[in-house]
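Everything on this sheet refers to the single structure shown next.
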Amino acid sequence: VGGLQTLVRDGETGFFFDPDSPEAATQLAGHLTTLHRDAALRERLGQAGRAEAAAHYDWKRIGERLEGIYQLAEENAARRWHKCSRKEGP
């Protein structure tokens, strides 16, 4: 499942099952049947999932995180350059 576990909460924003389990097909079929039969649950899970994604993965937040990464990279590069330039002196 990897990174999805940070976004999907079992029973709140979606469903989990172990794809390597011998019961995987049965579990998946059960989840799909539940969603097919329960429109209110589909709506609730969908709304909760959208809200969770918007809270963590909107473009503004992504831009802020990326800017922070670039600033860190720039600071690290400046420190390395400064260390190297001192070693090359007369």
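A pairwise comparison of heavy atoms in A24 and P19 identifies CB-O, 3.6 Å as the closest pair. Heavy-atom minimum distance, R37 versus R42: N-NH1, 4.3 Å. Contact record, T13 with V8: OG1-CA, 3.1 Å, taken as the closest heavy-atom pair.
Note that CZ of R9 and CG of L45 are 10.5 Å apart. Values are rounded to the nearest 0.5 Å. In this structure, CD in E64 is found 13.5 Å from CH2 in W59, a value given to the nearest 0.5 Å. Expressed to the nearest 0.5 Å, how far CD of Q71 lies from CD of E74 amounts to 7.5 Å. E23 CD to D18 CG: the interatomic distance, rounded to the nearest 0.5 Å, is 9.0 Å.
Residue L66 belongs to a hydrophobic cluster whose other members are Y70, with links defined by side-chain heavy atoms closer than 4.5 Å. As a member of the Ile/Leu/Val/Met/Phe/Trp/Tyr network built from side-chain separations under 4.5 Å, W81 groups with nothing else and remains a singleton.
For R44 and E12, the salt-bridge test fails: no basic side-chain N is under 4.0 Å from an acidic carboxylate O.
Within the 4.5 Å cutoff, side-chain heavy atoms of L35 are placed close to those of F15. In this structure, R80 and N76 have side chains that are in contact, with non-hydrogen atoms separated by less than 4.5 Å.
A tilted orientation is assigned to the rings of H31 and F17, their planes being inclined by 30° to 60°.
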